[in-house]
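Data block below; observations after.
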Amino acid sequence: MSLASVRRVNLGMVAFCAATSIPMSFFYFVLPAVLRQAGHSAEVIGLVALVGLPYALRVFWAPLVDRIAEGNAARYRALAFAMLGAAIISILGFVSVNPRVDLAATLCIATLVFIFLATGLTAVDGYVLSTLGTAGRERVTAYQAAGFTLGAIVLGVGAIATDGIEWTMLVLLLAATTAILTVPLLILPNVGPSSETPRSTNLRHGIWHFVRRPAVRRRIAVSVLAHGGLGLPAGYLAVLQVDAGLTPGQIGLFGAIGSNICGLIAAIATGAFVARFGSWRTLTVVILAGLAIYGTIAFFHAQLNGPIFAVSLALIVMTLGYSYIVPYRALILTICDVENGATQAAFLSCFDVMISLLAASVAGVIVGMLGLTGLFALSAALCCSGALVAVWALRRPDDLPLVQPAQVPA
């Protein structure tokens with residue numbers, strides 16, 4: 001691919017991920033508030049989190065995506081377009097339901113939208129793997145992360161501007177905004193595989209044989225340790241913020257807008273570091289930063305406690321989260337084959353998502369057993385272990401790029 005084509009891929013990734021992030025952020029930030037205003041209980045509202053399961057489970061139908069596309073970039077591109085279009089049509093289905101009385105239908109439509117979006121993201125990974133070499137794959141993850149944060153920021157601003165608007169109009173605006181951001185995807189090059197794209201060296205491409213590769217196991221280990229440590233405090237943020245006296249509106253403001261602005265800055269900065277120093281070195285620095293921050297908080301949280309601390313911690317957690325995602329996603333894409341690459345990328349991505357969800361889910365239990373000091377100390381310990389694995393990976397010859405960065409435009 002020419003340098004101009006690579007740039008078109010990068011900009012297309014920003015547009016696709018922004019378009020995907022808007023409905024995803026709507027279900028995360030806005031839909032629970034709408035249901036609460038409709039009179040539903042906190043237990044019922046908690047079920048909204050389940051609509052995001054398709055994103056974590058997409059590995060189960062990722063092989064179908066690979067089978068349909070057969071490693072062809074044009075087919076991956078067409079499938080991503082089709083899934084985004086299906087998601088927009090599904091969003092319009094909200095017009096026919098009333099969230100006050102049609103809770104089951106509302107959650108079913110939201111789940112269907114997530115299925116289409118998750119499948120589209122799998123297809124996009126396949127497109128990247130079939131068109132870009134190692135250097136291009138490393139750099140594209142920063143553009144993807146930036147797109148996700150931009151979409152969340154747009155959603156947050158839109159939620160504030162449309163506060164109090166009727167449900168039908170809200171749904172139409174959501175669908176229209178997603179559709180508008182779909183138009184720039186037309187710039188994605190409709191090309192065949194890159195001549196520099198890494199090819200598989202194994203004849204068998206099943207997940208089991210993929211996991212048996214030492215380089216893949218190192219990525220799994222880093223995910224369990226580092227992302228587990230970085231994700232633990234995220235599960236206690238809401239409790240900490242409410243206990244500090246923040247209102248739901250303030251929490252939403254800092255969550256949907258403030259933290260995503262920090263995430264956008266982090267994604268851009270981390271992407272530059274990946275391009276300059278490589279994925280493993282960048283990830284090591286991010287993990288060490290988490291170790292230093294959470295280790296300090298473990299000792300001084302009592303003195304820092306208050307609204308400012310609660311807000312600052314939310315921004316820190318989001319910043320570290322996006323700083324982790326960019327190099328880790330780059331490490332995923334550089335290790336995947338062209339054949340069945342979307343399935344392999346989906347497996348590692350879904351595994352990583354499940355680790356973060358599990359870590360967040362046990363935060364309250366850990367605080368009940370060990371207190372806040374124990375929570376942040378455990379986070380720091382896990383980050384320390386993850387950093388050791390990352391440093392070890394830096395010295396392993398089987399973790400070198402399959403294609404030298406100089407061979408591929410970036």
Side-chain angles (χ1 to χ4, degrees), residues 3 6-7 9-11 13-14 17-18 125 128 132-150 152-153 198 215 218-219 221-223 225-227 229-231 259-296 315-336 345 348-349 352 356 379-380 382-396 399-410:
L3 181 60
V6 173
R7 288 173 176 168
V9 171
N10 291 336
L11 293 177
M13 290 301 105
V14 173
C17 292
D125 281 344
V128 168
L132 298 180
T134 302
R137 295 180 187 184
E138 284 187 326
R139 287 158 173 76
V140 79
T141 58
Y143 291 92
Q144 292 174 331
F148 277 115
T149 57
L150 284 172
I153 293 170
R218 282 192 286 275
R219 283 154 176 78
V222 166
S223 177
L225 297 171
H227 207 184
L230 295 173
S259 59
N260 277 289
I261 290 176
C262 290
L264 175 61
I265 296 172
I268 295 173
T270 312
F273 271 85
V274 168
R276 178 67 178 85
F277 301 106
S279 302
W280 275 120
R281 289 185 177 86
T282 304
L283 187 62
T284 302
V285 172
V286 172
I287 299 171
L288 290 175
L291 166 63
I293 293 171
Y294 291 156
T296 302
L315 301 181
I316 289 172
V317 169
M318 180 64 77
T319 300
L320 287 174
Y322 273 101
S323 297
Y324 166 88
I325 287 172
V326 171
Y328 187 77
R329 282 274 299 164
L331 288 170
I332 289 176
L333 294 179
T334 54
I335 204 65
C336 294
L348 287 175
S349 296
D352 190 57
S356 65
S379 297
L382 289 171
C383 287
C384 181
S385 301
L388 292 176
V389 174
V391 171
W392 178 50
L394 275 170
R395 305 172 65 87
R396 300 296 300 175
D399 231 312
L400 294 175
L402 300 176
V403 176
Q404 294 302 315
Q407 292 177 281
V408 183

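Treat the numbers as computed from the prediction; the structure is a model and nothing was measured.
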| Atom pair CG (Leu264) and OG1 (Thr319), whose distance is rounded to the nearest 0.5 Å | 10.5 Å
| note | Those residues at least two apart in sequence (or on a different chain) that pass side-chain hydrogen bond (donor to acceptor under 3.5 Å, both in side chains) with Tyr324 are Asp352
| message | Is it the case that the side chain of Arg137 and the backbone of Leu333 share a donor-acceptor pair, with hydrogens and angles ignored and the cut-off at 3.5 Å? | response | yes
| Pairwise distance CG(Leu283) to CD1(Ile325) - rounded to 0.5 angstrom | 11.5 Å
| Is Tyr322 close to Asn260 at the side-chain level, that is, under 4.5 Å between some pair of heavy atoms? | yes
| task | Calculate, to the nearest 0.5 Å, the distance between atoms CG and CD1 belonging to Leu288 and Ile293 respectively. | result | 11.0 Å
| Thr334 side, atom OG1; Trp280 side, atom CH2 - distance, nearest 0.5 Å | 9.0 Å
| task | Could you give me the CA-CA distance, side-chain angles and deciding distance for Gln144 and Val128, then say whether side-chain contact (heavy atoms from CB on, under 4.5 Å) is met? | result | CA-CA 11 Å; Gln144 292 174 331; Val128 168; 4.2 Å; yes
| With side chains defined as the heavy atoms from C-beta onward, is the minimum distance between Val274 and Val326 less than 4.5 Å? | yes
| field | Stepwise side-chain contact (heavy atoms from CB on, under 4.5 Å) test for Tyr294 and Leu320 | value | CA-CA 11 Å; Tyr294 291 156; Leu320 287 174; 3.7 Å; yes
| field | Contact summary for Thr149 and Gly263, nearest pair of heavy atoms | value | CG2-C, 3.7 Å
| request: Mind checking side-chain hydrogen bond (donor to acceptor under 3.5 Å, both in side chains) for Ser349 and listing every partner two or more places apart, or none if nothing turns up? | output: Arg329
| About how many Å separate OG1 of Thr141 and CG of Asp125, when rounded to the nearest 0.5 Å? | 10.5 Å
| What is the minimum heavy-atom distance between Cys383 and Gly290, and which atoms define it? | SG-C, 4.3 Å
| field | For the student: nearest non-hydrogen atoms of Ser279 and Ala330, plus distance | value | OG-CB, 3.4 Å
| task | Ignoring hydrogens and angles, tell me if any N or O in the side chain of Tyr328 forms a donor-acceptor pair with the backbone of Arg219 under 3.5 Å. | result | yes
| Shortest non-hydrogen contact from Ile335 to Ala215? | CD1-CB, 3.6 Å
| Considering all heavy atoms of both residues, which atom of Tyr143 and which atom of Arg139 are nearest to each other, and what is their separation? | CD1-O, 3.3 Å
| note | Taken to the nearest 0.5 Å, the spacing of Ile265 CD1 from Leu315 CG works out to 10.0 Å
| query | Considering only heavy atoms from C-beta outward, does the side chain of Val222 approach that of Leu331 to under 4.5 Å? | reply | no
| query | Do you know the tightest heavy-atom contact between Ala266 and Ser323? | reply | CB-OG, 3.3 Å
